[in-house]
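Okay, structure first, notes after.
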Amino acid sequence: MVRSFEYVVPGSLDEALETMKEHAPHLKPLAGGTDLLVELKNNLNGPQVVMDLSGLPELRGVEETSAGLRIGAMVTHTEIEKDPLIAEHVPAMMAAAATIGGVQTRNMGTIGGNLVTAVPSLDSGPVLLALDAQVTVAAAGGKRQLPLTEFFVGPRQTALAPDELLVDILIPTVMLGRRASFRKFGLRKGQALALVNAAASVAVEGGRIAEARIALGAVSPTVIRAMSAERVVTGKQINDADALREAAEVAVTEAQPIDDFRASAAYRRELIAVGTFRVLEEALAQTTAA
Ligand SMILES: Cc1cc2nc3c(=O)[nH]c(=O)nc-3n(C[C@H](O)[C@H](O)[C@H](O)COP(=O)(O)OP(=O)(O)OC[C@H]3O[C@@H](n4cnc5c(N)ncnc54)[C@H](O)[C@@H]3O)c2cc1C
């Protein structure tokens with residue numbers, strides 16, 4: 001069966017937002033297409049308009065601003081792996097990007113598409129959550145910024161209105177250079193969706209953990225912060241392995257992993273504990289970052 005749609009390629013963000021205003025909710029933005037093309041193939045009631053975002057310079061690039069590190073929604077996972085500013089300020093993002101699909105998927109797939117698809121196992125999510133990332137979204141009426149925690153609403157559901165585009169992601173200045181780590185557990189090392197993924201960031205002062213963030217993916221309807229586990233380690237000495245073990249146990253109680261064809265909930269609980277311990281341990285072992 002042939003499913004036809006109009007294909008438009010706006011040349012500026014303003015033009016794109018006007019097009020969305022005119023056609024929402026019957027329009028789908030197209031970034032790298034690694035998720036959307038699968039959806040178009042499988043969905044009989046697909047969009048009437050597909051809007052290619054590749055001509056929008058406003059959605060590209062990584063730059064340092066007075067507010068922090070700005071990452072355009074159209075930045076690909078391969079670009080994240082190779083970007084010098086990301087390497088300098090948020091290397092855990094490179095580690096996460098490197099685990100996404102294969103080379104071809106990373107060459108095409110964008111960070112914006114990953115966040116908007118919003119599957120619970122998305123690999124960009126945990127590090128960004130652990131770094132207090134904000135997102136900028138725009139409609140013809142104007143822009144708004146919101147914390148990434150509020151952007152994820154449910155499995156494959158975000159706070160984007162049908163006429164809104166995700167423009168960029170901001171890592172606040174205070175988080176740049178912060179010790180951070182990412183781990184992904186799959187059924188094999190490459191080309192596997194996460195059974196569980198985890199990230200942590202820590203600020204260290206006088207040999208103690210002054211601030212901690214722990215984020216977990218694939219264990220709840222959205223990526224989550226394990227805030228009770230964060231409280232367990234806050235104020236503890238950086239070499240207090242018992243505190244890390246306790247945080248790992250507490251993190252398990254904050255998640256709601258499910259049984260599915262990839263893994264049992266019980267196995268996922270084991271992975272949450274192991275992952276939480278390791279990302280904290282690895283973040284704390286870093287010496288060069290803030
Ligand atoms: C073989 C394969 C392996 C994969 N492995 C992984 C993996 O290991 N980990 C992982 O996390 N993901 C994985 N994915 C999923 C996918 O590659 C990523 O989610 C990717 O980042 C999606 O980005 P995209 O640019 O291709 O998005 P697209 O497919 O272009 O778009 C995805 C959705 O987001 C919307 N959208 C895109 N950009 C915007 C924007 N700026 N504003 C508003 N809406 C927007 C689109 O309309 C669509 O609904 C895999 C996919 C494939 C095909």
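Residue indices begin at 1 and follow the sequence shown. The shown structure was predicted, so the numbers you read here are calculated from the model rather than taken from an experiment.
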Are there over 12 heavy-atom neighbours, none belonging to Arg156, within less than 6.0 Å of that residue's CZ? no
Within this structure, what is the CZ-CG distance for the pair Phe151 and Leu129, rounded to the nearest 0.5 Å? 12.0 Å
Give the other cluster members for Met108, using side-chain heavy-atom distances under 4.5 Å between Ile, Leu, Val, Met, Phe, Trp and Tyr residues; answer none if it is isolated. none
Rounded at 0.5 Å granularity, tell me how far CZ in Phe185 sits from CG in Asn197. 9.5 Å
Please tabulate, for side-chain N and O atoms in residues 236-243, each donor-acceptor pair with protein atoms closer than 3.5 Å (sequence neighbours left out).
| from | atom 1 | to | atom 2 | distance (Å) |
| --- | --- | --- | --- | --- |
| Lys236 | NZ | Val232 | O | 2.6 |
| Asp240 | OD1 | Asp242 | N | 3.2 |
| Asp240 | OD1 | Ala243 | N | 3.0 |
| Asp242 | OD1 | Arg245 | NH2 | 3.1 |

With no hydrogens and no angle check, is any side-chain donor or acceptor of Arg278 less than 3.5 Å from a backbone partner on Glu281? no
Any chance you could measure Thr110, atom OG1, to Ile71, atom CD1, to the nearest 0.5 Å? 12.5 Å
Could you give the distance from CG (Leu160) to CG (Leu115), rounded to the nearest 0.5 Å? 10.0 Å
Could you tell me the separation between the OG1 atom of Thr19 and the CG atom of Asp163, rounded to the nearest 0.5 Å? 12.0 Å
Sole candidate of Thr78, Thr34, Ile80, Thr76 that passes side chain to side chain contact (heavy atoms under 4.5 Å, CB included) when paired with Arg106: Thr78
Do Asp14 and Ser12 have side-chain N/O donor and acceptor atoms under 3.5 Å apart? no
Is there a donor-acceptor pair closer than 3.5 Å between any side-chain N or O of Glu164 and the backbone N or O of Ala161? yes
Table please: side-chain donor-acceptor pairs of residues 88-100 below 3.5 Å, with sequence neighbours left out.
| from | atom 1 | to | atom 2 | distance (Å) |
| --- | --- | --- | --- | --- |
| His89 | NE2 | Glu64 | OE1 | 3.4 |
| His89 | NE2 | Glu64 | OE2 | 3.4 |
| Thr99 | OG1 | Ala96 | O | 2.8 |

Flag yes if Leu37 and Ile111 sit in one hydrophobic cluster, no otherwise; membership is Ile, Leu, Val, Met, Phe, Trp, Tyr, and two members link when side-chain heavy atoms are under 4.5 Å apart. no
Could you tell me whether Asp168 and Arg70 make a salt bridge, using a distance below 4.0 angstrom between a side-chain N and a carboxylate O? yes
Could you tell me whether Arg179 and Glu282 make a salt bridge, using a distance below 4.0 angstrom between a side-chain N and a carboxylate O? no
Considering only residues two or more places apart or on different chains, which pairs with a residue in residues 198-222 satisfy salt bridge (charged side-chain N to carboxylate O under 4.0 Å, His left out)? Asp132-Arg213, Arg178-Glu211, Glu211-Arg213
Does Val167 sit in a hydrophobic cluster with other residues, and if so which ones, taking ILVMFWY side chains as linked at heavy-atom separations under 4.5 Å, directly or through other members? Val8, Leu13, Leu17, Met20, Leu27, Val49, Met51, Leu53, Leu56, Leu59, Met74, Leu165
If we ignore hydrogens and angles and just use 3.5 Å, is the side chain of Glu230 paired with the main-chain N or O of Ile214 as donor and acceptor? yes
Between the side chain of Ser121 and the main-chain N/O of Ala218, is any donor-acceptor distance below 3.5 Å? no
Pairwise distance CG(Leu131) to CD1(Ile169) - rounded to 0.5 angstrom: 12.5 Å
Please tabulate, for side-chain N and O atoms in residues 252-270, each donor-acceptor pair with protein atoms closer than 3.5 Å (sequence neighbours left out).
| from | atom 1 | to | atom 2 | distance (Å) |
| --- | --- | --- | --- | --- |
| Thr253 | OG1 | Val250 | O | 2.5 |
| Glu254 | OE1 | Met227 | N | 2.9 |
| Glu254 | OE1 | Ser228 | N | 2.9 |
| Glu254 | OE2 | Ser228 | N | 3.3 |
| Glu254 | OE2 | Ala229 | N | 2.9 |
| Asp259 | OD1 | Ala265 | N | 2.7 |
| Asp260 | OD1 | Arg262 | N | 2.9 |
| Asp260 | OD1 | Ala263 | N | 3.2 |
| Asp260 | OD1 | Arg268 | NH1 | 3.3 |
| Asp260 | OD1 | Arg268 | NH2 | 3.3 |
| Asp260 | OD2 | Arg268 | NH2 | 3.4 |
| Ser264 | OG | Tyr267 | N | 3.0 |
| Arg268 | NE | Leu195 | O | 2.9 |
| Arg268 | NH1 | Ile258 | O | 2.8 |
| Arg268 | NH1 | Ala263 | O | 3.1 |

